[in-house]
4 protein chains.
Amino acid sequence: MSTTEKRHIDPDRALVRRKQVLDAAAACFGRSGFHGASMAEISKAAGMSAGHIYNYFDSKDAIIAAFVEQNVERVSQLMRDLEQQADPLQSMVDDAPRHVREHLDPNTWPLALEISAEAARNPKIAEVVRDADVRARVQFRAILKSSRERHGLAVDSDTLDGLLDAMISLFQGLDVRVVHNPNVNEPALARYMGIAMKAMLFS
Amino acid sequence: MSTTEKRHIDPDRALVRRKQVLDAAAACFGRSGFHGASMAEISKAAGMSAGHIYNYFDSKDAIIAAFVEQNVERVSQLMRDLEQQADPLQSMVDDAPRHVREHLDPNTWPLALEISAEAARNPKIAEVVRDADVRARVQFRAILKSSRERHGLAVDSDTLDGLLDAMISLFQGLDVRVVHNPNVNEPALARYMGIAMKAMLFS
Amino acid sequence: MSTTEKRHIDPDRALVRRKQVLDAAAACFGRSGFHGASMAEISKAAGMSAGHIYNYFDSKDAIIAAFVEQNVERVSQLMRDLEQQADPLQSMVDDAPRHVREHLDPNTWPLALEISAEAARNPKIAEVVRDADVRARVQFRAILKSSRERHGLAVDSDTLDGLLDAMISLFQGLDVRVVHNPNVNEPALARYMGIAMKAMLFS
Amino acid sequence: MSTTEKRHIDPDRALVRRKQVLDAAAACFGRSGFHGASMAEISKAAGMSAGHIYNYFDSKDAIIAAFVEQNVERVSQLMRDLEQQADPLQSMVDDAPRHVREHLDPNTWPLALEISAEAARNPKIAEVVRDADVRARVQFRAILKSSRERHGLAVDSDTLDGLLDAMISLFQGLDVRVVHNPNVNEPALARYMGIAMKAMLFS
DNA sequence: CATGAATGAGGATTCATTCAT
DNA sequence: GATGAATGAATCCTCATTCAT
């Protein structure tokens, strides 16, 4: 998954332009979805002619791919943050409310859903998403392993596999949940999320 | 629940035709997504001319809406099944592996995701989905309430709110998870799902 | 090179429509060239919406290919006519004026040129054109061989090769010539064409 | 002959630049045709920015026109060469094989065809091409006249008209021929070309 | 002189929808 | 009821051309 698509004389300016487009795309994608957002819509939001966008991206699909790549990188950042914690297991439980709040943020979840839905049928996007997932799981697994060892808990492969995916599933479910129930009782939900996490992490 | 779309001479035949279309649509939507599936594709799958479909549905959006409505009803059926159990709380925990398996079935999750993503941007679909969710939560809440009372557990409103959404979130997350990690370790995941559910349901 | 592109319930009507499009295309191609003619232009000339044309042709390129195929078939017809003659060699010489006149017809040559120019860079068209040329040469060669044998002239392979291509070249040159000199002195030209042909055919 | 396109500080440098562009254009036009070659392609081949080309040419059409003009001048050079010969008629016949070889050269004929095809629909190009043709015919006619007089052959206007166009036609046909039959038997063809030329020139 | 970023009109193509039969 | 021919608006994308630097 390439980082720079075209050669430009001034790479900084080009990067700014690419960001402009991706930011505009984020807004449009959130509003209308990948397929609902037209290049015209995106170009207007980016303050740039539609034709010019093609100096920075090969196609609309390339914009979608770049956008997905960018979004998918945020998970790795999360992992790095978690790594810094003294006791990651406890931190996760303690930070549950914050993470819940973030996952319920209406600027985030429509895009997360859109990405997953797209990945479900677009193999190119699926690849991006799955590669990122592999990387994130590797990081997460290492964190869980060392933390659990310190707590004297099991760290066999199956255990880590299950814990890993169950934990992530719990959070990814939030993005879906809020679509179906926008009036979710956040504190109450966070409390139970904490209960579930604690049970899993320390079993 | 907007069922009466058109007037027909023979309502039974009309119903058969509508079902034909919806079944075809299900296949096409699963393969190509709501926007990727064309009316031509659907009409071919339905063994019916494209034009004729418009005798049963006002528009493609109407087909999507009807399809979503139909899909969303399956949750209610689940609730009714659960209601029949002697000890629903324990049944849920015990049945975790089966539910996990079902949610990881590749015939199901792409559509679940597609529906959620569509609901995130199409208000009409959002309404359908949210109405169904309200109804499902009412049913689920009643089941949880009576079961937990029998177990001497708290049944205050906040508790039920949180438990409800956390439980559903956990399962809805599976549909997303499998997209990102198609090689998920199912038994291991099911085990931890069970742990999380048990902790939540009996807290 | 396929003959029927799409399936239609009424093949006759479809054929009429295809012909409509090809006739319109002929006019537009003659006026503006393959690339200069837009689908909008063609559709207007065909009395049919641009979108509808795609029910009969896969793409604009397919229209070009079909058009070329159709044009290229006329040479075979010429060969069949020639075959009927009692003394093909003499007929060719005698009919020189008529053939010259036909090649100078302004409805014909722009398209012949356009086809050759397109074949020079479009491999798909080149194939069509070359296949037709092979077939035409096979027919022409047989005619020349038997006629020359009857006249007691050489019919070795090289002789036929050279005679063949030189004869065709002479006529194909006319299409080019008339572009460069639209005021060509037709009878005078025809006379010298006859001289050249006679010399070649009977050497 | 419209040479003075723009005013430049250093006319020599400008001429060099124009040549750069025309050479690049020749390569691109040969590869992709007039319409297939983009300004971006040409500018890259010319080692010059697309924008800068517009300091030397008013438009892409102006480049095409200049390119055609330049190409079309080569015929005059041929005439001058021919003029130098002791017996031009015999020289033509003798040099037939060389001329055939040159006309079959794949670096030449695609452009000749492209030019003729363009002239068939672009009046501006048609004018350039026809003007050049008039001049070439004047030169050729003078050569033929004096040579034929020396040989005691007819030199009336009609005779020269016919001979002229038939001779040129024969050669222009080669450019077309080779597109349709790339495996042309060159020596055999040259032999028959010689036969035809001899018959015409000395009749 | 020279660049290449930026524009915007125009092109091919798709597709939901209509309607005569 | 049922067809599929027909429409036309909308979409992505290309490219000649301009212009600030």
Side-chain angles (χ1 to χ4, degrees), chain A residues 6-10 13-14 16-17 35-43 46-63, chain B residues 6 8-10 13-14 17 35-44 47-63, chain C residues 6-10 13-14 16-17 35-43 46-63, chain D residues 6 8-10 13-14 17 35-44 47-63:
Chain A
K6 302 257 166 105
R7 287 288 150 233
H8 290 273
I9 206 73
D10 181 348
R13 188 175 183 78
V16 170
R17 286 282 182 257
H35 293 87
S38 72
M39 286 301 292
E41 194 183 341
I42 295 173
S43 78
M48 187 183 317
S49 77
H52 194 38
I53 292 184
Y54 286 84
N55 286 331
Y56 301 103
F57 294 91
D58 280 342
S59 63
K60 188 184 170 186
D61 275 358
I63 299 178
Chain B
K6 303 250 171 146
H8 292 275
I9 306 258
D10 181 347
R13 187 172 182 77
R17 286 300 196 209
H35 291 87
S38 70
M39 287 297 293
E41 194 183 342
I42 296 171
S43 78
K44 193 185 304 181
M48 186 185 316
S49 78
H52 197 38
I53 293 185
Y54 284 82
N55 286 328
Y56 303 104
F57 294 92
D58 278 342
S59 65
K60 189 183 170 187
D61 275 358
I63 299 178
Chain C
K6 301 260 167 101
R7 287 286 151 235
H8 291 271
I9 208 71
D10 180 349
R13 187 175 186 77
V16 171
R17 286 283 183 255
H35 293 89
S38 72
M39 286 300 293
E41 195 183 340
I42 296 172
S43 77
M48 187 184 314
S49 77
H52 193 38
I53 292 184
Y54 286 85
N55 284 332
Y56 300 104
F57 294 93
D58 278 343
S59 64
K60 189 184 168 186
D61 274 357
I63 298 177
Chain D
K6 304 251 171 146
H8 291 276
I9 306 260
D10 182 345
R13 188 172 183 77
R17 287 299 198 209
H35 291 88
S38 71
M39 287 298 293
E41 193 184 343
I42 295 171
S43 78
K44 194 185 300 181
M48 186 185 317
S49 78
H52 196 38
I53 293 184
Y54 285 82
N55 285 327
Y56 301 105
F57 294 92
D58 277 344
S59 65
K60 190 185 170 187
D61 275 357
I63 299 178

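Chain identifiers are assigned alphabetically (A, B, ...) following the order of the sequence lines, protein sequences preceding nucleic acid strands; residue numbering begins at 1 within each chain.
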Q: What's the closest nucleotide to the side chain of B:M39 if the choices are F:dA16, E:dA16, F:dT3?
A: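 Closest nucleotide among those given: E:dA16.
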Q: Could you state the CE-P distance from D:M48 to E:dT3, rounded to the nearest angstrom?
A: 8 Å
Q: Measure from NZ on B:K44 to P on F:dA2 and round the result to the nearest Å.
A: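 Checked: the NZ to P distance equals 20 Å.
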Q: Could you check how far CG of A:D58 sits from C1' of F:dC12, rounded to whole Å?
A: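 Result: 13 Å.
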Q: Looking only at heavy atoms, which two atoms of C:A50 and C:M39 are closest? And how far apart?
A: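 Residues C:A50 and C:M39, closest heavy atoms: CB-O, 4.5 Å.
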Q: Nearest to the A:S38 side chain among F:dC12, F:dA2, F:dA16, which nucleotide is it?
A: F:dC12
Q: Check this one for me: any side-chain N or O of A:R13 less than 4.0 Å away from OP1 or OP2 of E:dA6?
A: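 Yes, because at least one side-chain N or O of A:R13 sits under 4.0 Å from OP1 or OP2 of E:dA6.
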Q: Please compare A:G51 and B:G51 by the position of their nearest nucleotide in DNA chain E and report the one closer to 5'.
A: A:G51
Q: Between E:dT17, F:dA6, E:dG4, which nucleotide gets closest to the side-chain atoms of D:S49?
A: E:dG4
Q: So how far is it from B:M48 CE to B:R17 CZ, rounded to the nearest 0.5 Å?
A: 4.5 Å
Q: Taking OP1 and OP2 of F:dA2, is either one under 4.0 Å from a side-chain nitrogen or oxygen of B:R17?
A: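 Yes, within the criterion.
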Q: Could you check which of F:dT17, E:dA2, F:dA6 has an atom nearest any side-chain atom of D:K60?
A: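 The answer is F:dT17.
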Q: With side chain to side chain contact (heavy atoms under 4.5 Å, CB included) as the criterion, how do D:H52 and D:N55 come out once you've worked through the C-alpha distance, each side chain's angles and the decisive distance to 0.1 Å?
A: CA-CA 5 Å; D:H52 196 38; D:N55 285 327; 2.7 Å; yes
Q: To the nearest Å, how far apart are B:H35 NE2 and F:dA10 P?
A: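 After rounding, the gap between these two atoms is 15 Å.
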Q: When the distance from CG of D:N55 to P of E:dC1 is rounded to whole Å, what number comes out?
A: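 Rounded to the whole Å, the gap is 6 Å.
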Q: Who does F:dA20 pair with, Watson-Crick or G-U, both distances under 3.5 Å?
A: E:dT3
Q: More 5' along DNA chain F: D:S59 or A:A40, using each one's nearest nucleotide?
A: A:A40
Q: What heavy-atom pair brings A:S49 and A:S43 nearest, and what distance separates the two atoms?
A: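 Nearest heavy atoms, A:S49 then A:S43: C-CB, 3.8 Å.
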Q: Check D:H35 against D:K60 and note the closest heavy-atom contact, atom names and distance.
A: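 Taking D:H35 first and D:K60 second, the nearest heavy atoms are O-NZ, 3.8 Å.
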Q: Closest-nucleotide mapping onto DNA chain F: is D:A37 or B:I53 further toward the 5' terminus? I mean the 5' end.
A: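 Here B:I53 is the residue nearer the 5' end.
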Q: Can you identify which nucleotide, out of E:dG11, F:dA2, E:dT7, has its nearest atom closest to the B:H52 side chain?
A: F:dA2
Q: Can you measure C:I42 atom CD1 to E:dG11 atom P for me and round it to whole angstrom units?
A: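 For the pair C:I42 CD1 and E:dG11 P, the rounded distance is 11 Å.
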Q: Using whole Å, report how far OH of D:Y56 lies from P of F:dA16.
A: 20 Å
Q: Nearest-Å distance, OH (A:Y54) to P (F:dT11)?
A: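 Answer to the nearest Å: 12 Å.
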